[in-house]
Amino acid sequence: MKPLDLTLCATDLAELASFAGRIALIVEEKGKLSPAGARIDRMMRGGLQRFLASPGFDALKPGEVSELAYPAGLACESLMICFLPRRAGRLIARKTGGTLAKGHGAKGTLIVAANHSLAGEIGLGAVLRCYEFADHKTAAPKAYGDIRMMVTDPDKARAEVDAIAPLATGVFLTRDLVNEPANVLTTTEFANRLTGLRALGVQVEVLGEEELAKLGMGAFLGVGLGSDSPTQMVVMQWNGGAKGAAPFALVGKGVVFDSGGISIKPAGGMEEMTMDMGGAAVVAGVMTALALRKAPVNVVGLVGLVENMPDGRAQRPGDVVRSMKGDTIEVINTDAEGRLVLADVLWYAQERFKPTGIVDLATLTGAIIVALGTETAGVFSNDDPLCTAFLAAAGTEGSGAWRMPLGQGYDDRLKSRIADMMNVGGREGGACTAAQFLKRFIKPDQPWIHLDIAGVTLSKSETDTAPKGATGWGVLALNRMIQTLLEPK
Ligand code: BES
Ligand code: MN
Ligand code: ZN
């Protein structure tokens, strides 16, 4: 879906009295009310101040919201009192926005924020939380009113509020792609949706099986042999930076469904493997955000789109495939397919673009979920400055990320009797051996980060800023890293 509109307005006391939707009043400090807050209190005959003096308000932690339905003296259907101390910081402000947006409906929400400094974060949280994936529900879609934000000085908040839509549009594209079932989001459909980015000024190329074969991408192509959906690589270029300057590269695993192939997965939970294209979806989301905010930077996004299915033509355990790099791989387990996809797409990215840095994203291993759970992605890197920049950006965006080790010991586990390497390195340290496998396809001196996002891509419960389902993890963090690391100040 497209993000809801968020508009800014100046304090308007008459509007507070007549607004029929939900009013969310940001309270920074007990006893201190903005002119708008004071007006609400007068209309409630002191009821607001009485609440602020009560244990009910004291119990609110920063970012929490207390809701009063149909408050006497006001026309609104609900008054939400949102406790957000000025020092709470950006992430609590975003959480506040998310919390107050729950229950946003047809009559709209009026956020009375007064102070402009955190308006952008409150707004972003609210807009992100209003995401919904209802394309396959036959019931009439819910109607949503506007989200409006009332501040004392709208001009001061304008820039931050204008920055919301590009980010939210990127996150929503990622979530839509991840939530979409695999009978709808085939490789072809995925590629079609990506060609839609041309409208934003992104150059998009789609390479089919013949071209991939000519390039020698035997590892990537082997994964798709059992599927009727054609294996495709999509290359997206956003050239907003200096003409001819080497780009930064984002590479995504786009397995539209991972049945495991001949090494088939157990039935329980297999339906979740519609999200195995989450890495590619984040790449698409970041490219969208960059293009919409006309980022002054060159970034190329490459995704390997393929479906891993068992079939008479599918690849077998024991098969040996030859990668574009030239290294041969013994496919011990057809369910370790993501690394076969990335091996060739990573190599192509380096050969063609000589990128200044690469970040790859992949729902690569169940082992990373065992190690880090579902709140933190695994970060593997051969370059400390790049890694530090990413971890800082992720921290600022509240996106869980934790550095994991690479090392010779993991590499040794990939030795094959008959080929240059095997595609699995055993159960122990499974996320690390997978990352180490990828590193074999990274040239020496090529700064690189691998993000294993298997745990963070889909959430089983709602979060501060998303309903349950696809999270969009990574879009905001990568957008911020690109902005702080690569764009001129
Ligand atoms: N797509 C899966 C990893 C995954 C698991 C993502 C759970 C999201 C949730 C990947 O292709 C896979 O099957 N990995 C195997 C590797 C093993 C065969 C070495 C795994 O993690 O079990
Ligand atoms: Mn798999
Ligand atoms: Zn997979």
Side-chain angles (χ1 to χ4, degrees), residues 177-179 182 185 187 190 219-220 222-227 229 231 251-282 303-310 314-319 321 329-345 360-378 380 404 410 413-414 416 421-438 450-460 469-471 473-474:
L177 290 166
V178 168
N179 282 329
L185 195 77
T187 55
F190 200 146
F220 181 22
V223 174
L225 291 176
S227 170
S229 289
T231 297
V251 173
K253 167 179 173 180
V255 175
V256 295
F257 188 72
D258 180 13
S259 69
I262 297 298
S263 313
I264 197 162
K265 288 180 181 295
M270 201 203 271
E271 73 284 355
E272 264 186 28
M273 285 303 120
T274 58
M275 56 74 112
D276 210 20
M277 28 54 67
V282 173
V303 296
L305 307 179
V306 63
E307 187 179 36
N308 189 20
M309 294 289 268
Q315 92 179 331
R316 294 155 287 261
D319 282 4
V321 294
I329 305 161
E330 184 185 5
V331 180
I332 299 295
N333 188 321
T334 65
D335 196 13
E337 85 296 340
R339 60 200 80 183
L340 299 171
V341 175
L342 289 176
D344 280 339
V345 181
D360 81 63
L361 300 105
T363 49
L364 202 63
T365 68
I368 200 67
I369 310 177
V370 176
L372 297 178
T374 56
E375 274 173 28
T376 311
F380 299 84
M404 299 283 289
Y410 300 117
R413 304 252 297 278
L414 297 168
S416 159
M421 71 193 85
M422 305 190 296
N423 75 330
V424 292
R427 237 173 66 83
E428 295 167 6
C432 305
T433 51
Q436 199 70 45
F437 179 96
L438 298 181
H450 158 58
L451 299 174
D452 194 333
I453 59 170
V456 294
T457 295
L458 212 58
S459 177
K460 286 196 166 58
T471 60
W473 186 100

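All of these numbers come straight from a predicted model, not from anything done at the bench. Atoms within each ligand, like the ligands themselves, are counted from 1 in listed order. Counting begins at 1 with the first residue of the sequence.
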Numbered atoms of ligand 1 (with element) below 4.0 Å of [X], judged on heavy atoms:
{"X": "Thr363", "answer": "1 (N), 2 (C), 3 (C), 6 (C)"}
{"X": "Val424", "answer": "19 (C)"}
{"X": "Asn333", "answer": "18 (C)"}
{"X": "Lys253", "answer": "1 (N), 10 (C), 11 (O)"}
{"X": "Glu337", "answer": "11 (O)"}
{"X": "Ala454", "answer": "6 (C), 8 (C)"}
{"X": "Met275", "answer": "8 (C)"}

Are [X] and ligand 1 in contact, using a heavy-atom cut-off of under 4.0 Å?
{"X": "Ile369", "result": "yes"}
{"X": "Met277", "result": "no"}
{"X": "Arg427", "result": "no"}

Restricting to N/O/S atoms, is Asp335 within less than 2.8 Å of the Zn ion (ligand 3) or not?
no

- Is any N, O or S atom of Val255 under 2.8 Å away from the Zn ion (ligand 3)? no

Looking only at protein heavy atoms, identify the closest one to [atom] and say how far it is in Å.
{"atom": "atom 2 (C) of ligand 1", "result": "Asp258 OD2, 3.5 Å"}
{"atom": "atom 1 (N) of ligand 1", "result": "Asp276 OD1, 2.8 Å"}
{"atom": "atom 9 (C) of ligand 1", "result": "Met273 CE, 3.4 Å"}
{"atom": "atom 15 (C) of ligand 1", "result": "Asp335 O, 4.0 Å"}

To atom 10 (C) of ligand 1, the nearest of Ile368, Leu364, Thr365 on a heavy-atom basis is Leu364

Min over Ala431, Gly426, Gly366 of heavy-atom distance to atom 5 (C) of ligand 1 lands on Gly366

Atom of [X] nearest the Zn ion (ligand 3) (restricted to N/O/S, atom name only):
{"X": "Asp276", "value": "OD2"}
{"X": "Glu337", "value": "OE2"}
{"X": "Asp258", "value": "OD2"}

Please say whether Arg339 places an N or O atom under 3.5 Å from an N or O atom belonging to ligand 1.
no

- Message: Any nitrogen or oxygen of Glu272, side chain or backbone, less than 3.5 Å from one on ligand 1?
- Response: no

Are any side-chain N or O atoms of [X] and backbone N or O atoms of [Y], one a donor and one an acceptor, separated by less than 3.5 Å?
{"X": "Thr334", "Y": "Ser263", "answer": "yes"}
{"X": "Ser259", "Y": "Asn308", "answer": "yes"}
{"X": "Ser459", "Y": "Thr471", "answer": "no"}
{"X": "Asn423", "Y": "Asn333", "answer": "yes"}
{"X": "Arg413", "Y": "Gly429", "answer": "no"}

Can you tell me if, anywhere in Glu337, an N/O/S atom lies at a distance from the Mn ion (ligand 2) that is smaller than 2.8 Å? yes

Vertex the Mn ion (ligand 2), ends Asp335/O and Asp258/OD2: angle to nearest 10° comes to 170°

